[in-house]
Engineer: 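Take this structure, written in structure tokens, and hold onto it; I'll ask about it next.
In what follows, chains carry the letters A, B, and so on, assigned in the order in which the sequence lines appear, proteins first and then strands, with residues in each chain numbered from 1. Both backbone and side-chain heavy atoms feed into the values below; hydrogens, waters and symmetry mates do not.
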Number of protein chains: 2
Amino acid sequence: MPKNTFFNIKEEKRKMIEEESINEFSIYSYENSSINRIVENCKISKGSFYQYFENKEDLYRYIISLSVEKKMKYVNAALISEIDNGFIKIIKEIFKSGLKFAYENEKLASIGVLLMKNNNSEIYRKVIGQNKNMAIDFYKKLIEIEIENGEIKPDINVEFTSYLINSMMINLSEYFFEINKNNEKKFSEEMLFLVDDLMDMLINGIGS
Amino acid sequence: MPKNTFFNIKEEKRKMIEEESINEFSIYSYENSSINRIVENCKISKGSFYQYFENKEDLYRYIISLSVEKKMKYVNAALISEIDNGFIKIIKEIFKSGLKFAYENEKLASIGVLLMKNNNSEIYRKVIGQNKNMAIDFYKKLIEIEIENGEIKPDINVEFTSYLINSMMINLSEYFFEINKNNEKKFSEEMLFLVDDLMDMLINGIGS
DNA sequence: GTATCATGTGACTAGATGGTCACATTGCGA
DNA sequence: TCGCAATGTGACCATCTAGTCACATGATAC
């Protein structure tokens, strides 16, 4: 966590540091990011920076925590409202809220994507660590329940399917970013139809 | 391309340099890899290295070309033998040959994975560049043909589905690596069943 | 006015990096 | 044995990195 000094400085300055850090980490991976660049963009001195944060990792973890906190606000709302409505509805809402988060917090989302991609790095182990399979395990439980309910084929490879759904969520974000980048389209319900397409594919397949 | 000198040196030495470079790039991304480390591991001098290669990029492109060439040998064989057997069979064989390549050339495959992950880096643009969507476009054509043949639903999102299949191939490799790492299982036909599972999911869905 | 303490500063360190270059060694043909 | 060209070398350069530290400035208390 940042030192107390960081929370004592003027809010304007604090926001500036947060903003520039988010910007840096949304462009560069942890390893390739640069404290020098951040302090230069913030127009604060190196010495000041190290009075606010223990080190680079301290700053990174703080920024990640901001991102996680914000994303949780989106996803939790979806989870709570759909918890009793079965697999498809829950997954759909998780995906949609994930997309919405990514659209409304492009840089924070990008930081997450970069971290997830670098899943062999030391910082990944440190930051994600034992929570690595949290999402996958969650999907696994949902699937198992739905198999019992007779909604999902009992002979599918649950482990692999959970992994795949998790990957799809990540891929979906990337696809979404790519479309958004090229087309300059505004985010709309139309974009969320992608989620419906995806879930339809997952449940019913593409074969006719 | 490497300079002529590189192809003049003793084969033993050349193989050594190739091997150590493959090792380095399979662990570190292009940006994080180190020529210093490579020459140290090869026990050649820095000066020698720069008599073989123009620069770091030159070496990297060469190693990538080795990897692509080898992978093509696997995939092309599959393509040629299955070209007339329809979408499912072709995709299955591409996936299977991809897995086989990854298993038998773990480090080369890892280099490819690292490059694909860094799809925002300068080196990605340089090396992959305009071939970025080659695989996706290929899947797109296959799907369109199969829609005409009545084998695939005509109302699916072709663009998105192609993208997804491409992602699946990448995810599959990663999943495969992860399983392989943890279980110390030998590669077997059993592993290839994953591809069958995946394709069954794609065609028929997981719903019952 | 002075003492004290929090905050701000940027030159500096040690360790990397990719790449260069003057020079040393080797091999080979005459 | 000489001469020349190909190959090999590692100290060195400029440039980057994260992190430190002696000092400067500012604010508050008395």
Engineer: Is Asn36(A) close enough to dT17(D) that one of its side-chain N or O atoms is under 4.0 Å from OP1 or OP2 there?
Structural biologist: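 For Asn36(A), the contact criterion (side-chain N or O under 4.0 Å from OP1 or OP2 of dT17(D)) is met.
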
Engineer: Specify the separation, in whole Å, of atom CZ of Phe53(B) and atom C1' of dG8(D).
Structural biologist: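 About 15 Å, once rounded to whole Å.
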
Engineer: Roughly how far, to the nearest 0.5 Å, is the CE atom of Met1(A) from the CD atom of Glu54(A)?
Structural biologist: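 Taking CD in Glu54(A) and CE in Met1(A), the distance rounds to 11.5 Å.
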
Engineer: Name every donor-acceptor pair, under 3.5 Å, that has one atom in a side chain of residues 61-68 of chain B and the other anywhere in the protein, sequence neighbours excluded.
Structural biologist:
| residue | atom | partner | partner atom | Å |
| --- | --- | --- | --- | --- |
| Arg61(B) | NH1 | Glu57(B) | OE2 | 2.5 |
| Arg61(B) | NH2 | Lys126(B) | O | 3.1 |
| Tyr62(B) | OH | Glu18(B) | OE2 | 2.8 |
| Ser65(B) | OG | Tyr62(B) | O | 2.6 |

Engineer: Within a reach of under 6.0 Å around CD of Glu144(B), are more than 12 heavy atoms found that belong to other residues, nucleotides or ligands?
Structural biologist: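 More than 12 heavy atoms, drawn from other residues, nucleotides or ligands, come within 6.0 Å of this atom.
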
Engineer: Between dT7(D) atom P and Ile17(B) atom CD1, what is the distance in whole Å?
Structural biologist: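 Those two atoms, CD1 and P, are 13 Å apart.
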
Engineer: Would you indicate whether Lys3(B), at its atom NZ, is surrounded by more than 12 heavy atoms from other residues, nucleotides or ligands within a distance under 6.0 Å?
Structural biologist: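 Atom NZ in Lys3(B) is crowded, with more than 12 foreign heavy atoms closer than 6.0 Å.
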
Engineer: Counting only side-chain N and O atoms of Lys56(A), is one of them less than 4.0 Å from OP1 or OP2 of dA18(D)?
Structural biologist: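 For dA18(D), OP1/OP2 do have a side-chain N/O of Lys56(A) under 4.0 Å.
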
Engineer: Rounded to whole angstroms, how far apart are CD on Gln51(A) and C1' on dA24(D)?
Structural biologist: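 Computing the Gln51(A):CD to dA24(D):C1' distance gives 12 Å.
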
Engineer: Atom CD1 of Ile44(B) to atom P of dA6(D): distance rounded to whole Å?
Structural biologist: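 About 20 Å, once rounded to whole Å.
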
Engineer: Rounded to the nearest 0.5 Å, what's the gap from CG on Asn166(A) to CE on Met134(A)? Could you check?
Structural biologist: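 It is 10.5 Å, given to the nearest 0.5 Å.
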
Engineer: What are the 5'-most and 3'-most nucleotides of DNA chain C lying under 4.0 Å from any heavy atom of chain B?
Structural biologist: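 So the contact region on DNA chain C extends dT17(C) to dC21(C).
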
Engineer: Just the rounded figure in Å: distance from P of dC23(D) to OH of Tyr50(A).
Structural biologist: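 Value for this atom pair: 22 Å.
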
Engineer: Please report, rounded to the nearest Å, how far the P atom of dG8(D) is from the NZ atom of Lys43(B).
Structural biologist: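 Rounding to the nearest Å, NZ of Lys43(B) and P of dG8(D) are 17 Å apart.
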
Engineer: Tell me: CD1 of Ile35(B) to P of dC13(D), nearest whole Å?
Structural biologist: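 Ile35(B) atom CD1 is separated from dC13(D) atom P by 21 Å.
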
Engineer: Separation of Phe6(B) atom CZ from dG8(D) atom P, in whole Å?
Structural biologist: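 After rounding, the gap between these two atoms is 12 Å.
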
Engineer: Select base, sugar-phosphate, or nothing to describe what Lys13(A) touches, counting heavy atoms under 4.0 Å on all strands.
Structural biologist: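 Sugar-phosphate contact only - Lys13(A) comes under 4.0 Å of backbone atoms but never of a base.
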
Engineer: Pick the nucleotide of DNA chain D nearest each of Phe49(A) and Ser48(B); which residue has the one closer to the 5' end?
Structural biologist: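 Of the two residues, Ser48(B) wins.
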
Engineer: Nearest 0.5 Å, please: how far is OH in Tyr52(A) from CD1 in Ile9(A)?
Structural biologist: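 Separation between the atoms: 4.0 Å.
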
Engineer: Whether the side chain of Ser21(A) engages the backbone of Ile17(A) through a donor-acceptor N/O pair (distance < 3.5 Å, no angle test) should be reported.
Structural biologist: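 Pair found, side chain donor or acceptor close to backbone of Ile17(A).
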
